[in-house]
Amino acid sequence: MATVTTTITETFWSKWNTAVNLSLITKEAKIDEAKAKNPISKDAITKELLTREEVSKHNNPKDCWIIINGKVYDVTNFGKTHPGGPVIFTQAGRDGTDAFKLFHPPRAYQQLKEVYIGDVHNDDPVPELLKDYRDLRTALQRAQMFKSNKLYYASKFVTVFSLLAASLAIINWSQSFWAVLASSVVMGLYWQQCGWLSHDFVHNQVTDNKKLNLYFGGLVVGNLMTAFSVGWWRTKHNVHHAVTNECDEKYQPVDPDIDTVPLLAWSKEILDTVEDPNIRKILSVQHWLFFPLLLLARISWMYSSWAHARDFEMSPSMRRAEKGTLLAHYATTIGAAFYFLPAPQAICWLFLSEAFSGLFLSIVFTVSHNGMEMYNEPKDFVTAQLSATRNIKNQFFYDWFSGGLNWQIEHHLFPTMPRHNLGKVAPHVKALCAKHGLEYQEISLYAAMKAAFDRLAEVAALARASLQNRCLVGATMNLGLLSFTFHIAWCCYLVALEPRSIQAQQLDCVVRLAYSKRLNQLVFPKHKPWSATMRDRVEGESPEARRR
């Protein structure tokens with residue numbers, strides 16, 4: 001059992017540690033060595049070759065072509081140094097026009113010229129849905145919906161520092177259990193709200209200065225104030241936006257946010273990929289484990305953040321900045337705990353603060369996407385986002401609590417739009433969905449939590465059923481072995497007693513009928529039992545035939 005537990009634990013950490021396991025977001029493929037050593041040169045590519053069918057064959061990190069605005073680019077080598085991380089490979093072999101526009105400024109088109117191959121030959125017209133979506137995005141840009149209100153974000157900083165001051169003031173005022181509990185709740189909210197601020201900065205919502213967003217919003221607000229590595233988060237989160245709830249052809253999750261096996265499986269198809277019965281035992285009770293696991297989520301993310309800073313390939317200066325800011329967070333948090341509280345209360349306060357923060361963050365993530373469609377066939381960008389994303393009906397408290405992510409559909413369609421403008425564009429998105437017959441899901445917080453819990457319970461029931469079937473097969477095999485052994489011993493006894501005795505043969509038949517009836521009911525419940533077949537045959541024979 002200890003070995004099984006160790007194996008499961010190692011699997012869990014390795015899956016969440018995207019810093020060292022990039023298989024989460026890249027597809028493994030076997031490439032012919034000759035083709036890898038002698039790739040097709042640009043001169044050898046003819047206009048007729050550049051069809052969408054041909055591009056779809058170059059669909060892995062070792063041979064990656066993508067389409068942007070009807071032009072084909074070979075980003076195989078560029079992808080290794082892509083500033084946004086391996087997210088570029090999620091668009092391998094497909095049209096990445098909309099995903100590209102979401103995350104790149106106009107000047108990024110200049111870099112594409114170096115990897116340009118040619119235009120798509122005999123390309124299909126752009127679907128009406130995507131044309132309308134792109135027109136809406138252009139109209140919103142002209143309406144200044146992508147410009148942030150700096151006073152709004154200044155008020156958010158006032159809020160988070162007020163939470164920090166309130167948390168420390170409570171434990172400075174009292175060291176009782178209730179004071180420690182209240183302070184840890186407020187500290188959990190502080191870290192959660194810092195996480196939303198960092199999220200907005202790294203999405204380039206707050207300013208147009210990418211370096212400021214990265215170094216201040218990422219390293220200061222993200223690493224120092226929240227203890228989440230900006231590099232780890234950006235790598236993971238960009239992939240989530242590009243392929244929300246998507247799996248590969250074998251239903252291995254491509255979106256890292258749903259790659260939660262061995263602890264949680266979000267669909268029947270993902271469950272079917274699990275062969276280890278010990279992991280299935282965990283998944284059979286996953287709906288009861290769900291909420292306790294949310295309390296540990298922040299600890300898992302902190303581990304992954306440090307692993308990224310330690311192991312991921314980056315410049316020496318960035319590695320020092322990542323490690324230094326994370327260590328500063330650990331030092332100041334632990335130092336504050338032991339400065340204000342005696343050791344037992346300090347340890348309790350630290351654990352509770354981490355647990356509440358993980359719970360507060362995870363609730364928002366859960367209600368946004370979990371319990372919705374998981375798919376393994378590429379969809380167009382708009383359809384993919386709407387099929388995997390839901391909004392939570394607007395309430396003043398939840399709007400603040402979720403960092404504006406109650407407008408999750410709008411955020412996924414326009415991730416660089418400041419959160420205070422998402423609600424303003426919601427009517428336009430609803431109109432787009434109504435025009436093209438797409439569901440715009442907007443439900444209450446309770447209904448969203450119930451949908452996620454019900455999905456986990458449904459998959460858990462399937463896991464339990466599979467385990468019961470395996471136990472049934474095992475029990476059937478044991479019964480069959482026992483029956484066969486007893487039958488052989490009984491036949492030997494009868495033969496030894498009287499080989500030609502009709503009574504002995506009748507008793508032998510009775511034994512076979514008695515055991516085989518139950519055995520066949522277990523193994524072949526839908527088929528005519530062997531015992532009935534034998535009885536029909538015996539009853540239809542003459543006494544002489546029976547003797548023979």
* To do: Mind checking side-chain hydrogen bond (donor to acceptor under 3.5 Å, both in side chains) for W233 and listing every partner two or more places apart, or none if nothing turns up?
  => none
* Not counting sequence neighbours, list each pair that qualifies as a salt bridge (Lys or Arg N to Asp or Glu O under 4.0 Å) and has a residue in residues 431-441. => D132-K435
* Report yes or no: does T226 contribute a side-chain atom to a donor-acceptor pair with the main-chain N or O of V221 at less than 3.5 Å? => yes
* Residue pair F89 / C64: nearest heavy atoms and the distance that separates them -> CD2-SG, 3.8 Å
* To do: Check the side chains of N421 and K424 for a donor-acceptor pair under 3.5 angstrom, ignoring hydrogens and angles.
  => yes
* Report the C-alpha distance between M374 and I258 in whole Å, list the side-chain angles of each, state the deciding distance to 0.1 Å, and finish with yes or no for side-chain contact (heavy atoms from CB on, under 4.5 Å). => CA-CA 9 Å; M374 311 274 170; I258 60 171; 3.5 Å; yes
* Got a donor-acceptor contact below 3.5 angstrom from the R390 side chain to the N370 backbone? -> yes
* Just how far is it from atom CD1 of I409 to atom OG1 of T389, taken to the nearest 0.5 Å? -> 6.5 Å
* To do: Using only heavy-atom distances, determine whether the side chains of T244 and D255 contain a donor-acceptor pair under 3.5 Å.
  => no
* Please report the closest heavy-atom contact between G423 and W407, naming both atoms and the distance. => CA-CE2, 3.5 Å
* Between CG of L151 and NZ of K156, what distance do you get to the nearest 0.5 Å? -> 13.0 Å
* Is the Y375 to Y251 ring centre distance short of 6.0 Å? -> no
* For the pair F397 and W400, name the ring-plane relationship: parallel under 30°, tilted 30 to 60°, perpendicular over 60°. => tilted
* Are L422 and M417 close enough that some pair of their side-chain heavy atoms sits under 4.5 Å apart? -> yes
* Among H412, H411, Q408, the one residue meeting side chain to side chain donor-acceptor pair (under 3.5 Å) with S368 -> Q408
* With ring centroids as reference points, do F453 and W288 lie under 6.0 angstrom apart? -> yes
* To do: Could you check if a side-chain atom of T416 sits within less than 4.5 angstrom of a side-chain atom of L102, using non-hydrogen atoms only?
  => no
* To do: Using modelled atom types only, decide if a donor and an acceptor are shared between the side chain of Q193 and the backbone of V160 within a distance under 3.5 Å.
  => no
* Answer yes or no: does atom CZ of F157 have more than 12 heavy-atom neighbours from other residues, nucleotides or ligands under 6.0 Å? => yes
* Asked: Does R419 come within less than 4.0 Å of D399, counting only side-chain N to carboxylate O?
  -> no
* **Working for side-chain contact (heavy atoms from CB on, under 4.5 Å), residues H428 and L432** => CA-CA 6 Å; H428 302 287; L432 177 72; over 6 Å; no
* Asked: Sub-3.5 Å donor-acceptor pair from the side chain of S300 to the main-chain atoms of L296, do we have one?
  -> no
* Structure fact -> One should read off an interatomic distance between S387 OG and E373 CD, to the nearest 0.5 angstrom, of 4.5 Å
* Structure fact -> The single option from D259, N245, V243 that satisfies side-chain contact (heavy atoms from CB on, under 4.5 Å) with P253 is D259
* Where do T138 and D135 land on the side-chain hydrogen bond (donor to acceptor under 3.5 Å, both in side chains) test, with the steps shown first? -> CA-CA 5 Å; T138 301; D135 290 344; 5.4 Å; no
* Which of parallel (below 30°), tilted (30 to 60°) and perpendicular (above 60°) describes H237 and H240? -> tilted
* Asked: Checking side-chain contact (heavy atoms from CB on, under 4.5 Å) for the pair T325/V220: CA distance, chi angles, key distance, verdict?
  -> CA-CA 7 Å; T325 47; V220 176; over 6 Å; no
* Find the distance between CG (L326) and CZ (R310) and round it off to the nearest 0.5 Å. => 12.0 Å
* Structure fact -> So OG1 of T383 and NE2 of H436: to nearest 0.5 Å the spacing works out to 9.5 Å
* To do: Indicate yes or no: at least one non-hydrogen side-chain atom of L293 is less than 4.5 angstrom from one of L263.
  => yes
* With sequence neighbours left out, which residue pairs that include part of residues 164-193 fulfil the ring-ring contact (aromatic ring centres under 6.0 Å, His included) condition? -> W191-H329
* To do: Please confirm whether the backbone N or O of V274 pairs with a side-chain atom of R280, one donor and one acceptor, at under 3.5 Å?
  => yes
* Should the pair F381 and Y133 be assigned to parallel (<30°), tilted (30 to 60°) or perpendicular (>60°) ring geometry? -> tilted
* Asked: Would one find more than 12 heavy atoms of other residues, nucleotides or ligands at under 6.0 Å from atom NZ of K131?
  -> no
* S155 side chain to Y152 main-chain N or O, any donor-acceptor pair under 3.5 Å? -> yes
* Asked: Do H241 side-chain atoms and P415 backbone N/O form a donor-acceptor pair below 3.5 Å?
  -> no
* To do: Taking only Lys NZ, Arg NE, NH1 and NH2, and the carboxylate oxygens of Asp or Glu, determine whether K236 and D257 approach each other closer than 4.0 Å.
  => yes
* Could you give me the CA-CA distance, side-chain angles and deciding distance for S183 and S167, then say whether side-chain hydrogen bond (donor to acceptor under 3.5 Å, both in side chains) is met? => CA-CA 4 Å; S183 175; S167 176; 2.9 Å; yes
* **R298 side chain to A355 backbone, donor-acceptor under 3.5 Å** => no
* To do: Mind listing the closest non-hydrogen atom pair of G371 and W266 along with its distance?
  => N-CE3, 4.2 Å
* Taking all non-hydrogen atoms of both residues into account, name the closest pair between W349 and T333 and its distance. => CZ3-O, 4.1 Å
* Asked: Is D95 salt-bridged to R52, going by a charged N under 4.0 Å from an acidic O?
  -> yes
* Asked: Between CG of L359 and OG1 of T366, what distance do you get to the nearest 0.5 Å?
  -> 9.0 Å
* Structure fact -> Minimal heavy-atom distance between E322 and A309, with the atoms involved, is CB-CB, 3.9 Å
* To do: State, with a plain yes or no, whether a side-chain heavy atom of N213 is found less than 4.5 Å away from one of V202.
  => no
* Just by modelled atom types, is the V230 backbone N or O under 3.5 Å from a matching donor or acceptor in the N223 side chain? -> yes
* Asked: Is the backbone N or O of Y398 less than 3.5 Å from a side-chain atom of S402, with the two atoms forming a donor-acceptor pair by type?
  -> yes
* Take R94 and N59, measure what side-chain contact (heavy atoms from CB on, under 4.5 Å) needs, and give me the verdict at the end. => CA-CA 8 Å; R94 63 172 78 174; N59 60 354; over 6 Å; no
* Identify the heavy atoms of A179 and I171 that sit nearest to each other, and give their distance. => O-CG2, 4.2 Å
* To do: Output yes when E442 and K430 qualify as a salt bridge under the 4.0 Å nitrogen-oxygen rule, no when they do not.
  => yes
* **Stepwise side-chain hydrogen bond (donor to acceptor under 3.5 Å, both in side chains) check, N391 with E410** => CA-CA 9 Å; N391 280 2; E410 287 71 25; 3.0 Å; yes
